[in-house]
Amino acid sequence: MTDKTYRQATLCVHAGATPDPVTRARTVPIYQTAAYVFKDSRQAKNLFALKETGNIYTRLNNPTTAVFEERVAAIEGGVGSLATASGMAAISTAILSFTALGDEILSGDKLYGGTHELFSQTFPKLGRTVSFADANDPSAFENKITEKTRGIFVESIGNPGLDIPDFDRLSQIAHENRIPFIVDNTVGVGLTRPIDFGADIVVHSATKYIGGHGNSMGGVITDAGTFDWDSGTFPEITEPDESYGGICYPKQFGNAAFIVKARAQFMRDMGPCISPFNSFMLLTGLETLPLRIRKHSENAQIVAEFLTDHPKIEWVSYPGLSSHPSHDRAKRYLTGGFGPIVGVGMKGGMKPASRLTEEVKLFSHLANIGDTRSLIVHPASTTHAQLPETEREAAGVRDNFVRLAIGIEDPDDLIEDLSEALKRI
Ligand code: PLP
């Protein structure tokens, strides 16, 4: 199929796949192999020198994973994707592939706790420092850019505060400063396409809504192919790569330079690859993404409206409510629905908030999002517990905050479960 001519729901089912040329199998086979037999020694040499494309070793490429990568690239509107073992591997691979020692990243402050730890604790140990700006305030980004800043990073829908940044303005600021705009679209997948609003690199935890069933870890990086690496200071991309006999990625691979480099060099050397089985599971999940996301969003809106009127609830945070600070941006950017996550502030603080996670019966109490099942967690004592209090507050994680990742069950059952649980508190 010619992917570019189809709409998203069609791409989710078809992009990247044709019937298996050998067996005529209709679904994508799981190529559970570590390595591939060379045709001859000339081909082997060319593959290793990046002069020919083809399979060498599953750490670098795999036919099942290749379909997954092509499908995500088609859905997100990029020139190429690279699948990784997890969402964290996607974020670290993406940033470490184009930055060098001493470089800085400027990140929005409304982030998943694990990303915050990576940025504030681990990256500095690897010679990359990250500064944080209020994700809702583009001028805060403008004021914090220094001559060492090499990229702006935000989440499309901040997990868990659900803030939606001003993509248009942030991409403009990034491009005026000749640095790429990187968006983690984990929570926004199927709702928005950050590349349409100026993102140069999109990362996902595919563990969440791409897979959608809470059964497989994975991540994926997509290159929009829009960023001109030669316009800024990116020797990691533009200088000859001595580990490949001095090839120059932009010269050889044009606007796919970044994603080729991430695979050929970083994935080869650091190795955070996905298993073919997980690629298969994520591909299967992707087929129903639009259906699931629509139902998640419908259910979340119903739950959010029910909780808004409940006497034991102090506040409800949901981009689909006019009371949400990002509601206007949600209407502009979230064209596929307002999303699956609802934040709730319990009256009475930390204790009743924790109690709610124990009193529900249908919701699963665990630290994840992106499951068909409804999930509940108290972020201040779990996913964001390691953050200092001020940074936790900045990320929108108050002590009385409970995060609901609404599933695709019958919404009446979800409301009954929450209603009964709240009665017991
Ligand atoms: N990005 C976001 C927004 C997340 O919510 C998560 C995990 O919750 C990650 C990245 C990390 O993904 P993974 O758990 O697949 O490593």
Side-chain angles (χ1 to χ4, degrees), residues 65 68 72 76 81-96 105 107-123 130 132 135 153-165 167 182-192 194 199 201-222 270-275 278-279 281-282 285-286 293 296 319 326 334 339-343 364-371 375-379 382-387 392 395-397 401 403-406:
T65 299
F68 173 62
V72 174
E76 287 291 359
S81 293
L82 172 66
T84 56
S86 68
M88 293 314 296
I91 297 170
S92 52
T93 301
I95 292 177
L96 294 174
I105 294 290
S107 171
D109 56 355
K110 317 285 190 277
L111 293 178
Y112 162 59
T115 308
H116 197 284
E117 294 310 317
L118 169 72
F119 284 178
S120 58
Q121 305 293 332
T122 304
F123 268 3
V130 181
F132 296 94
F153 181 99
V154 292
E155 290 182 4
S156 57
I157 305 180
N159 174 14
L162 311 177
D163 305 82
I164 295 142
F167 299 143
I182 307 132
V183 178
D184 179 338
N185 198 27
T186 298
V187 183
V189 68
L191 303 169
T192 186
I201 298 171
V202 175
V203 291
H204 288 100
S205 165
T207 317
K208 316 299 181 198
Y209 294 95
I210 286 182
H213 295 72
N215 56 20
S216 309
M217 297 294 297
V220 60
I221 308 166
T222 300
M270 305 300 271
C273 62
I274 192 167
S275 95
N278 280 20
S279 295
M281 295 299 282
L282 299 173
L286 265 183
I293 287 294
H296 281 296
S326 293
L334 305 187
I341 303 194
V342 178
S364 302
H365 181 198
L366 53 78
N368 196 14
I369 55 175
D371 199 318
L375 315 174
I376 186 167
V377 78
H378 178 242
T382 57
T383 54
H384 289 68
Q386 305 310 325
L387 269 66
R392 199 161 63 219
V397 181
F401 169 53
R403 182 185 74 196
L404 307 175
I406 302 298

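Side chains are part of it too, since the values below use all heavy atoms of this structure and drop only hydrogens, waters and symmetry mates. Note that ligands are numbered from 1 as they come in the structure, with each ligand's atoms numbered from 1 the same way.
Only one option out of Thr93, Val220, Thr65 pairs with Thr84 in a side-chain contact (heavy atoms from CB on, under 4.5 Å); it is Thr93.
Contact annotation: the side chain of Ile157 approaches that of Leu191 to within less than 4.5 Å [non-hydrogen atoms, C-beta and beyond].
With no hydrogens or angles considered, a side-chain donor-acceptor pair links Asn368 and Lys208 at under 3.5 Å. Side chains of His116 and Gln386: a donor-acceptor N/O pair is absent below 3.5 angstrom, by distance only. A donor-acceptor contact under 3.5 angstrom links the side chains of Asn185 and Ser156, judged on distance only.
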Could you tell me, for ligand 1, which of its N or O atoms are under 3.5 Å from any protein N or O, listing the pairs and their distances rounded to 0.1 Å?
residue  : atom   : partner : partner atom : Å
ligand 1 : 1 (N)  : Asp184  : OD2          : 2.7
ligand 1 : 5 (O)  : Asn159  : ND2          : 2.8
ligand 1 : 8 (O)  : Lys208  : NZ           : 3.1
ligand 1 : 12 (O) : Ser205  : OG           : 3.1
ligand 1 : 15 (O) : Gly87   : N            : 2.9
ligand 1 : 15 (O) : Ser205  : OG           : 2.7
ligand 1 : 15 (O) : Thr207  : OG1          : 2.6
ligand 1 : 16 (O) : Gly87   : N            : 3.1
ligand 1 : 16 (O) : Met88   : N            : 2.9

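Remark: Ser107 pairs with Leu111, Phe119, Val130, Phe132, Phe153 by the side chain to side chain contact (heavy atoms under 4.5 Å, CB included) rule, at least two apart or across chains.
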